[in-house]
Amino acid sequence: MFKYYSLKKILKYDATYNVIIGERSNGKSFSVHEYALERFIKHGEQFALIRRWQDDFTGKRGASMFNGVVNAGVVERLSDGEWTNIYYYASRWYLCRYDENGARTVCEKPFAYGFAITSQEHDKSTEYPEVTTILFDEFMTRKSYVPDEFVMFCNCLSTIIRNRDNVKIFMLGNTVNKYCPYFKEMGLKHVKDMKKGD
């Protein structure tokens, strides 16, 4: 039986930055989404989802971002049936439910915000004091990186975190390319030599 990725081992380190590299479709994103949903439902803590491009959040891409946890019943299970779905609007995700007539009830407070590295200049004046989990999904790419991307990523983190020390950052990548500029910038020199599970 195929075993999906679990955050259990990496969370024991209680690190600020949690870099996870693995095969595609093994549950990395799902596990972080589930973790963030649980933090929101139990403690009211919000979630920031970082991607490289604003297009990653537009239309059906944004609307379907959390389909995995919805379809697996995670939202309903964690909220004890209060919420069953997720509604997307303007780079924000909200818990919601539908009645028998299809009318939608939406949670007043968003559980997640979307941030594009290439648009981070537009977010600088807004504060996100309740965001305690940040996910940069697909930080590794086979395509090109944005010029000065690491600096832009750090600026994006600075906008979200400010001067707080209660935030966990997850950086997820697929094993498509063992090189990316983040490794050099973060001083990760032995990634190519690491074994599965390290």
Side-chain angles (χ1 to χ4, degrees), residues 2-36 39 46-58 61-62 64-69 91 93 112-124 128 131-162 164-198:
F2 185 77
K3 189 175 179 183
Y4 285 101
Y5 183 79
S6 167
L7 295 177
K8 193 173 181 181
K9 183 178 177 184
I10 200 166
L11 287 174
K12 287 179 181 175
Y13 292 101
D14 195 28
T16 299
Y17 287 86
N18 300 271
V19 180
I20 303 167
I21 303 166
E23 60 191 77
R24 190 176 293 278
S25 301
N26 74 342
K28 297 183 300 296
S29 299
F30 182 99
S31 63
V32 178
H33 292 176
E34 183 176 31
Y35 171 83
R39 303 296 300 176
Q46 293 175 310
F47 178 44
L49 182 58
I50 298 176
R51 297 296 288 264
R52 194 165 275 108
W53 311 102
Q54 188 63 45
D55 283 353
D56 291 330
F57 299 121
T58 56
R61 287 191 189 117
S64 63
M65 196 72 69
F66 293 93
N67 278 0
V69 287
S91 293
W93 290 268
Y113 298 95
F115 295 86
I117 286 178
T118 52
S119 304
Q120 51 90 25
E121 286 290 331
H122 303 295
D123 298 311
K124 281 187 173 180
Y128 303 90
V131 169
T132 59
T133 304
I134 298 174
L135 167 60
F136 183 10
D137 210 350
E138 298 187 21
F139 82 96
M140 296 170 67
T141 180
R142 280 183 291 193
K143 299 175 184 174
S144 60
Y145 292 89
V146 178
D148 295 323
E149 182 170 321
F150 183 75
V151 173
M152 294 168 79
F153 171 62
C154 290
N155 287 339
C156 187
L157 291 179
S158 178
T159 294
I160 300 166
I161 299 169
R162 305 284 176 171
R164 296 181 292 123
D165 62 358
N166 63 337
V167 179
K168 280 201 181 311
I169 301 159
F170 294 90
M171 299 172 67
L172 308 185
N174 297 317
T175 50
V176 292
N177 185 351
K178 286 282 182 120
Y179 169 79
C180 85
Y182 287 86
F183 298 152
K184 182 178 179 183
E185 294 284 0
M186 298 176 81
L188 305 175
K189 299 175 181 175
H190 306 295
V191 173
K192 68 180 189 315
D193 302 319
M194 292 175 75
K195 304 288 186 275
K196 186 176 180 179
D198 286 353

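- Surrounding CG of N67 are more than 12 heavy atoms belonging to other residues, nucleotides or ligands, all under 6.0 Å away.
- The side-chain heavy atoms of I169 and I161, taken from C-beta on, include a pair separated by under 4.5 Å.
- Residues L157 and I50 have side chains in contact (heavy-atom distance under 4.5 Å, counting atoms from C-beta outward).
- With S119 contributing its side chain and A116 its backbone, the two residues share no donor-acceptor pair below 3.5 Å.
- What you find for F57 and W93 is that their closest heavy atoms are CD2-CH2, 3.6 Å.
- The shortest distance between side-chain heavy atoms of F183 and M140 falls below 4.5 Å.
- The two atoms that bring D56 and M65 nearest to each other are O-CE, 3.3 Å, heavy atoms only.
- Donor-acceptor pairing under 3.5 Å is recorded for the side chains of D137 and S29.
- For the pair Y35 and F170, the minimum side-chain heavy-atom distance is below 4.5 Å.
- Nearest approach of V69 to E34, heavy atoms of both residues: CG1-N, 4.1 Å.
- To the nearest 0.5 Å, atoms CD1 (I20) and NZ (K28) are separated by 8.5 Å.
- Using a cutoff of 4.0 Å between basic side-chain nitrogens and carboxylate oxygens, E138 and R52 are not scored as salt-bridged.
- Panel note: side chain Y13, backbone K9; no donor-acceptor pair is recorded below 3.5 Å.
- Atoms CZ and CD1, from F150 and I117 in turn, are 10.0 Å apart once rounded to the nearest 0.5 Å.
- Using a 4.0 Å cut-off between charged nitrogen and carboxylate oxygen, K168 and D14 count as a salt-bridge pair.
- When side chains are defined from C-beta on, V167 counts as touching I134, because their heavy atoms get closer than 4.5 Å.
- From C156, atom SG reaches atom CZ of R51 across 13.0 Å, with rounding to the nearest 0.5 Å.
- Not counting sequence neighbours, the partners of F139 by the ring pair (Phe, Tyr, Trp, His ring centres under 6.0 Å) test are Y182.
- Of all non-hydrogen atoms in T132 and R164, the two that sit nearest each other are CG2-NH1, 4.5 Å.
- To the nearest 0.5 Å, atoms OG1 (T133) and CZ (F47) are separated by 7.0 Å.
- The shortest non-hydrogen separation linking R61 to D55 is NH1-O, 3.0 Å.
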Pair C180-Y145, side chain to side chain contact (heavy atoms under 4.5 Å, CB included): steps then yes or no | CA-CA 9 Å; C180 85; Y145 292 89; 2.8 Å; yes
Should T159 and N155 be marked as a side chain to side chain contact (heavy atoms under 4.5 Å, CB included) after you check the CA-CA gap, both sets of side-chain angles, and the distance that decides it?
-> CA-CA 6 Å; T159 294; N155 287 339; 5.6 Å; no
Could you go step by step and tell me if M171 and L135 meet the side chain to side chain contact (heavy atoms under 4.5 Å, CB included) rule?
-> CA-CA 6 Å; M171 299 172 67; L135 167 60; over 6 Å; no
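- Contact record, W53 with V146: CH2-CG2, 3.7 Å, taken as the closest heavy-atom pair.
- Y5 places a side-chain heavy atom less than 4.5 Å from the side chain of S31.
- Between F115 and Y128, the two ring planes are perpendicular [angle over 60°; tilted spans 30° to 60°].
- Between N174 and I21 there is no side-chain heavy-atom pair separated by less than 4.5 Å.
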